[in-house]
Amino acid sequence: MSFATVATLDEIPDGGVKQVSVHGDVVGLYRVGRDVYAINDYCSHEETFLSEGEFEVEEMEVECPLHGSRFNVIDGSVRILPATKPVASYPVKVEGDMVLVGPRAEK
Ligand code: FES
């Protein structure tokens, strides 16, 4: 599976998130300047979208809107319970204005 163009940079607010669908997965794209990070958008605790939670840019964490678990947006690791399992992360390339996402990184 190769990289797929999923968004333009200006579709993602700086310090914000955009939900996209790629390779059959629902993925949240988190932007900081010209850097973009991609993690699976389903919380690993129960099914809710992490992209509807708060993105804490300084911590590079997103807080689940349902029970408050926090996930690192760079590698999908859990920072705060009740979730115990990481979410998948995906490699991202920014080429000019285009944001491309590759296949999920295996844990
Ligand atoms: S659904 Fe995300 S912490 Fe419970």
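The first residue of the sequence shown is numbered 1, and numbering continues consecutively from there. Values below: every heavy atom of this structure, side chains too, minus hydrogens, waters and symmetry copies. One-based numbering, in listed order, for ligands and for the atoms of each.
Every residue two or more places apart in sequence or in another chain that forms a salt bridge (charged side-chain N to carboxylate O under 4.0 Å, His left out) with D25 is listed here: R104. Checked against salt bridge (charged side-chain N to carboxylate O under 4.0 Å, His left out), E63 has the following partners two or more places apart in sequence or in another chain: R70. The side-chain hydrogen bond (donor to acceptor under 3.5 Å, both in side chains) check on S44 picks up nothing, with sequence neighbours excluded.
Checking D41 against S51 by side-chain atom types alone, a donor-acceptor pair falls below 3.5 Å. Between the side chains of N40 and Y90, a donor-acceptor pair is found at a separation under 3.5 Å.
Ring planes of H45 and H67: perpendicular class, angle over 60° (limits at 30 and 60°).
Within the protein, the number of N, O or S atoms lying under 2.8 Å from atom 2 (Fe) of ligand 1 is 2.
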